[in-house]
Amino acid sequence: MAFYEKLMGLDRRWVYLCVGIAVLIPFFIPFDVPVYTTPEVKAVYDFMESLKEGDVLFLAIDYDPNAMAELHPTATVMMRQAFSKNVKLVISALSQNGPGMAEQLIAQISKEYGKKSGVDYCYLGYKPYPGIVILAMGQNFRIPFPSDYYGVPLDSLPMMKNIKNYDDVKAVIDVTGTNAIDYWLVNGNARYKVKLAAAVTGVMAADYYPYLQSGQLFGLLSGLKGASEYEVLANQKGFAFSGMRIQTVAHIVVTLFIVIGNIGFFMARAGKRRS
Amino acid sequence: MRQQLPLAIILVIGVFMALQYFVPHESSEFVYEWSLDWVIIIGVFAMALGLWSMFVVHYTKIQKKSSGWGFSVIAILGLLYMLIAGGIWGIEEGTPFMDFFWYVYTPIQATMFALLAFYIASAAYRAFRVRTILSTILLVAALLLMFRLIPIGPLSGPIQELDRWILGVPNLAAKRAIIIGVGLGIVATAVKVVLGIERSYLGKD
Amino acid sequence: MPPIGDLLWTTLAAFLTFCIFSFLYKDNPFYKFAEHLVVGVSAGYFAMLLWYEGLIPKLYVPILKEGKLYYLIPGILGLLMWTRFSRKWAWISRYPIAVYVGIGTGVAIPLEMQTKVVRQLSASMTAISLNNATGINNLLVVIGVFCALVYFFFSKEHKGAFGGIARFGIWTLMIGFGAGFGLTVMGRVSLLIDRVKFLAETWWPMFKAFVGAVF
Amino acid sequence: MQNKSRALTIAVLLLLPAILLAQDTLQSQTVAPAPPAEVKAFDTPNDNGHSITITWKLSADDGAGQNSVTMYEMLRAESPDGGFISRGVVAAGVSTYDDKGDKDKASQNYFPSGKNFYYKVRAKVGDIFSESEVAGPASAIGQWYHTGKTIVLAFVVIFMIFVLIFIRQAQKGKELYVRPIGGIAAVDEAIGRATEMGRPILYVMGLGAPNDIASIASYTILARIAKKTAEYQTPILVPCNDPIMMSIAQETVRTSYLDAGRPDTYKEENIFFVTSMQFAYVAAVNGIMLREKTATNFYLGKFFAESLILAETGSVAGSIQISGTDEVAQIPFFVAATDYTLIGEELYAASAYLGREPLLLGTLKAQDWAKGLIMALLLFGALAASLHWDFFVRLFTVRL
């Protein structure tokens, strides 16, 4: 049996084996794969880097636990980046089942960096009607959130002393798996000229690239891929990156098999021509 | 009686349900919701036929001691367990019934699903050959989309753009055309059934 | 040491996971075991689901609790399905089937016309132009849909200009299929990752802890 | 009890914005915004008769003036002079609201049909607000025709006319040409192959509901194919994932064997129920393919993620595979992994192709004419959109 025939008629179990290995090795042995970072992700990262100590950023954690897999890495890495630069955070959770999850995340990461609620960050929590809440916050955070998630009046929080509304935050970054982003676009960006970036789930992404072109969003992260890009930029490779590493290797393997098959195919054709 | 009456029923109900779609009034809503219940209820009774058929298939295997009859025993035991456990303890979370669902059904179905990771690779390997123009187009489009996860240096940027375009333009056009065609096919078939032109599925004698 | 119950259940789940994966090599008793088990269990599961979520709320409660006697009609229709148990009377089951099919087809005619035909058509009615990217893309979409629809013509031979358009149509379809295929790989791989996660991060530590505790 | 608590949460949800805005204690705005003007309340069109629509002119301080309005609150009463209760809120910039409720009298959120109500609208900022004039009376009435769906009706009617025309022609005995479709041309060959090899044929109807039209199309194709297998004396296995599908398939196949004049060779146990759950079903069908060594596999109907699992296992078993589905997302996998694929509409044409009955072919012609019409509208619509003939574009948008 000629070599090219082997290439073409490869027992599919070899394919299965390679796919299995392609998933297992990167799963257990961490190693680096180059990740191409898209400009829309880099834009967000560069903006975050441009923030100075004491600046305030609004981080909207508007997703439910069911979108955790895709969006938690983004929220995590951004929060780390902000805290490491001593940027203060105003955090909302405008998705009904999100607040508890967001609270855990904040607790965990603020501990890592020894940040205190009310001093370094202010967790507003959840209120229904995101559209109205987002609009009202444009007037004053205290309209929808007279007190923070833990019930402390905003006015009594040192950090919120001279923070009234969107005018006092550098930008809003909405990490969301819901239509909250639409409200941020309309009631936040369009109405109050909020500088807005978003991190959405992979399936949602396609619908929001247009806003990127029209400049209503200054950056956009798409699902796990966006998260992994960001992890690479922020140089804290974590869950998203390891997931992407597996994906990359797997995709390379699939591609290679397609190539192998075609090499065999061409050789076969050449062989026929000769005979 | 055996042939004509069923066809008449389909005609009457079919036309009625079709018109119902255009009537927002609540009495029409009521009919619609009720009809959905009919469908469910008929389905519930039919399940007995299904279980019986399944039982017969495996029972005959066991009876004939045909190859692998032992596995048929397992199938029947699995079935009986669920029926009995569900009957006795109910189907709430934490019941022996749901334990089987979570620790037997769920892992198996998730793993069956995961097999796709292997199959998609071998399918790609066998199918994507530059044999004809068509298979070449198929191949190129698939590769371009896969490349978005493969770092290929300076090319990565343009490829991301290209992928977005492919998804937004030719892919969209293809989907739309198929959906429109399917829509017409569905309506045509439904009309044939309602008018009784297509009746082969009803049986006759 | 983990609670023994959890351990046993999780180990069973892990075992079944391996059984299914073994099918990749070839059909074998382990796969057959898992296959037959899941067939029985799932059938039983679904039947009980129908009983509790279907029969009781849709028939028992309306008739006996709420006294909606008109629910007897579907009930009787359902019973008629059982005539299939007898060769002689099986034909009666055509009545419930006719009702069943009648409802499905009747609902489908206007609904599919709206969701599949009219909506797609109106969605394609977007401004085309040659001097901006969006306009050009819209134009390309319209052309693509047009040609692909030509491909679906049944009563006209695909030759000459018509055939040419049809060919462009099938090319468009193929790009779509290729893209769909390439796009899906990622999702399928993550399904596999989830299974590996389950084995490596849920089951194995549990199992190791147990073994460690015993020996 | 549970009902009551649900009602409570509903009430809370409805009032929450009011509540939370009421707590608010800020000094900044003390000036009440200008009230909403020209408030109108009228029966919501094209509904089941349990909703009233309120429209108003935005407050002068909404997006302009002091730009302070954050929301509008709707209040309803049974008399113009008092007893107004909050019915809901919308964000600033919105000037219409549907005050709707349930049709079921038992429900806490029941909205009486045909009863007169009066409305007024509040423009609010924090706890400060200004109220509009009272509007009404208005009462909710159900309609008997949905004007927004007229275009759909038009399409259905036109399509029916096409169908009738071409059925007529067919009855007159007019020959209709249909172009060959690879997947359908291959059916005979595929059955023949199974016969030569003396192996059974597998027919999978997919995982659609028994009254999905895709499933119905699949029965009709099964009828044709079973007739051939009866003639060739080749067993056909039909594992079903739904009992009703099984019943219909049994009737179908039995009839085909009857038509083929071989009722004696019909085996009911070959059309059997497996299970209703997707991947358990697939696991079993995989087994059947490998153990019964089916020479030819048909996958025709509605398929989901399992499409590729079936197709791959089938090609491991070395079967000829003919597939067809209307699930756009699955067609790529069938195209890649099976020998022939009926793409979308071709699935619905198949039974007419195989049956060759003039009436069925007639409807194919009707489908083509409908396609032609749509293509024309497509081009014209794009043109209209470019020329901003919005009336034309609007004509084709279904307002639900």
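So that the names make sense, note that chain A is the first sequence line, chain B the second, and so on, each numbered from 1. Reckoned from all heavy atoms, side chains included, excluding hydrogens, waters and symmetry mates.
Counting heavy-atom pairs under 4.5 Å between each of C:W171, C:Y151, C:F46, C:Y71 and chain B puts C:Y71 at the top. Ranked by heavy-atom pairs shorter than 4.5 Å toward chain C, the options B:G168, B:A18, B:A8 are led by B:A18. Comparing B:D37, B:V15, B:N171 by heavy-atom pairs within less than 4.5 Å of chain C, the highest count is held by B:D37. Note on B:L139, B:L115, B:L172, B:T189: by heavy-atom pairs under 4.5 Å with chain C, the leading option is B:L115. Taking chain C as the reference chain and counting heavy-atom pairs below 4.5 Å, the highest number among B:S72, B:G90, B:G181, B:G14 is found for B:G14. Here C:A98 is the residue among C:G176, C:A98, C:A34 with the most heavy-atom pairs under 4.5 Å with chain B. Each of C:L140, C:V118, C:L16 has some count of heavy-atom pairs under 4.5 Å with chain B, and the biggest count is that of C:L16. Chain C forms the most heavy-atom pairs under 4.5 Å with one residue out of B:V104, B:V193, B:I166, and that residue is B:V104. In terms of heavy-atom pairs under 4.5 Å with chain C, the best-connected choice from B:F100, B:F101, B:W102 is B:F101.
Residue C:F181 touches chain B through both its backbone and its side chain, counting heavy-atom pairs closer than 4.5 Å. For chain B, no part of C:A14 is nearby; none of its heavy atoms comes within less than 4.5 Å. When heavy atoms are compared at a cutoff of 4.5 Å, C:L24 approaches chain B solely by way of its side chain, counted from C-beta outward. Interface residue C:S124: backbone and side-chain heavy atoms are both found under 4.5 Å from chain B. Neither the backbone nor the side chain of C:E35 has a heavy atom closer than 4.5 Å to any heavy atom of chain B. Residue C:F153 does not touch chain B at all, counting heavy-atom pairs closer than 4.5 Å. Interface remark: C:T184 contributes backbone and side-chain atoms alike to the contact with chain B (heavy atom separation under 4.5 Å).
At least one side-chain heavy atom of B:Y21 sits under 4.5 Å from a side-chain heavy atom of C:L111. Looking at heavy atoms from C-beta onward, C:P74 lies in side-chain contact with B:W34 at the 4.5 angstrom threshold. Within the 4.5 Å cutoff, no side-chain heavy atoms of C:F15 are placed close to those of B:P107. In this structure the side chain of C:I73 reaches within 4.5 angstrom of the side chain of B:W38, judged on heavy atoms. Proximity of C:V107 to B:Y32: side-chain heavy atoms (C-beta onward) are separated by under 4.5 Å at one or more points. Counting heavy atoms from C-beta on, the side chains of C:Q120 and B:K175 never come closer than 4.5 Å.
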Table please: side-chain donor-acceptor pairs of residues 41-57 of chain B below 3.5 Å, with sequence neighbours left out.
unit_1, atom_1, unit_2, atom_2, d
B:S53, OG, D:F273, N, 3.0

Please output the side-chain donor-acceptor pairs of residues 191-199 of chain C that fall under 3.5 Å, not counting sequence neighbours, one pair per line with the distance.
unit_1, atom_1, unit_2, atom_2, d
C:R195, NE, B:T111, OG1, 3.3
C:R195, NH2, C:T17, OG1, 3.0

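Contact annotation for residues 123-130 of chain B against chain C (heavy-atom separation below 4.5 Å, listed by residue number): B:A123, B:A124, B:F128. Close approach to chain B, defined as a heavy atom under 4.5 Å from one of its heavy atoms, is seen in C:K58, C:L59, C:Y70 of residues 58-70 of chain C, taken by number.
At most 12 heavy atoms of other shown residues, nucleotides or ligands fall within 6.0 angstrom of atom CZ in C:R167. Heavy-atom contacts from other residues, nucleotides or ligands closer than 6.0 Å to CZ of C:F85 number more than 12. Heavy atoms of other residues, nucleotides or ligands lying less than 6.0 angstrom from CD1 of B:I133 number 12 at most.
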B:W165 and C:N137: CA distance, side-chain angles, deciding distance, side chain to side chain contact (heavy atoms under 4.5 Å, CB included) verdict
CA-CA 9 Å; B:W165 181 82; C:N137 283 341; 2.9 Å; yes

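In terms of heavy-atom proximity, C:P29 sits nearest to B:F71 at O-CE2, 3.5 Å.
Side chain of B:Y105 to main chain of C:Y45: no donor-acceptor pair is present (N/O by atom type, distance under 3.5 Å, no hydrogens or angles).
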